[in-house]
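To keep things clear, I will list the structure first and then write my remarks on it.
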Amino acid sequence: MSFVKEFKEFAVKGNVIDLAVGVIIGGAFGKIVTSMVNDLIMPPISLLIGDKGFTNYYIPLNDKVSEFVAANPNASLEDVKKAGPVFAWGNFATEVINFIILAFIIFLMVKAINSMKRKEEEAPKAPPAPSKEETLLTEIRDLLKTRTV
């Protein structure tokens, strides 16, 4: 089998297409979760811990960065990173929260799908139709019952 033919057979299979759809939907869903964390969850947390914005919390890792921060106390994380290395723990914490929310939602989705699968498996199945021999024997039995001795 040629490489192109084998690849075409692989790519046209339903599982690959389902995977592609899942990746596209997952990417869009990830953006929704990121927006939810950045726009809805983190602003109230930032209000509680300060007006700087949670993702902009960091620790300068050298004197040059510390001097830049002292001269520009309201500088964003991006501006400070241009001045030198920083330990951006606020941004990391935001990404961890994104991951936890996304993982929890995916867990709930998988749990719901598994529950639906279990219900399908537990549903009573109709007994199989009798074979031709069984049908014939049943007819013979019924005929013998109606026959008088």
Side-chain angles (χ1 to χ4, degrees), residues 1-139 141:
M1 183 182 289
S2 73
F3 180 78
V4 174
K5 185 176 179 184
E6 189 175 346
F7 179 75
K8 182 179 177 184
E9 185 178 308
F10 169 77
V12 175
K13 284 185 180 178
N15 293 340
V16 174
I17 295 170
D18 291 344
L19 178 64
V21 170
V23 167
I24 292 167
I25 290 174
F29 189 70
K31 289 180 181 181
I32 291 170
V33 171
T34 299
S35 175
M36 182 178 81
V37 170
N38 291 339
D39 301 333
L40 302 176
I41 294 174
M42 297 316 273
I45 292 174
S46 294
L47 258 174
L48 292 174
I49 61 173
D51 294 331
K52 194 173 184 180
F54 196 71
T55 57
N56 288 320
Y57 278 92
Y58 52 85
I59 299 171
L61 295 179
N62 66 24
D63 292 334
K64 180 182 173 188
V65 177
S66 296
E67 291 170 7
F68 177 81
V69 171
N72 304 294
N74 293 326
S76 70
L77 177 61
E78 293 301 318
D79 294 336
V80 175
K81 280 183 176 181
K82 291 175 185 174
V86 295
F87 185 76
W89 65 270
N91 192 39
F92 178 75
T94 302
E95 294 301 325
V96 168
I97 291 169
N98 280 348
F99 172 77
I100 290 170
I101 291 172
L102 190 59
F104 180 70
I105 291 171
I106 290 172
F107 166 76
L108 292 178
M109 290 169 51
V110 169
K111 186 176 177 180
I113 290 169
N114 287 341
S115 175
M116 289 189 312
K117 283 184 181 179
R118 263 187 250 114
K119 286 180 184 177
E120 286 177 6
E121 291 172 0
E122 293 173 0
K125 297 178 181 174
S131 67
K132 291 181 182 180
E133 291 84 13
E134 290 174 322
T135 305
L136 182 60
L137 287 171
T138 304
E139 289 174 6
R141 181 197 64 201

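Just so it is clear, the values below take in all heavy atoms, side chains as well, and ignore hydrogens, waters and symmetry mates. Remember, it's a predicted structure, so these values are computed and weren't measured experimentally.
Among residues two or more places apart in sequence or in another chain, the side chain to side chain donor-acceptor pair (under 3.5 Å) test is passed with D79 by S76.
Looking at every heavy atom in both residues, V65 comes nearest to P85 through CG2-O, 3.7 Å. Residues V86 and P60 come closest through the heavy atom pair CG1-CA, 4.2 Å.
Applying the ring pair (Phe, Tyr, Trp, His ring centres under 6.0 Å) definition to pairs two or more places apart or across chains, those involving residues 66-91 are F54-W89, Y57-W89. Evaluation of the side-chain hydrogen bond (donor to acceptor under 3.5 Å, both in side chains) test over residues 27-36, restricted to residues two or more places apart or in two chains, returns S35-D39.
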Side-chain donor-acceptor pairs under 3.5 Å in residues 93-119, sequence neighbours left out?
from, atom 1, to, atom 2, distance (Å)
T94, OG1, G90, O, 3.0
N114, ND2, V110, O, 3.4

Tell me which donor-acceptor pairs under 3.5 Å the side chains of residues 131-138 have, and how far apart each pair is, sequence neighbours excluded?
from, atom 1, to, atom 2, distance (Å)
S131, OG, E133, OE1, 3.4
S131, OG, E134, N, 3.3
E134, OE1, S131, N, 2.9
T135, OG1, S131, O, 3.0
T138, OG1, E134, O, 2.7

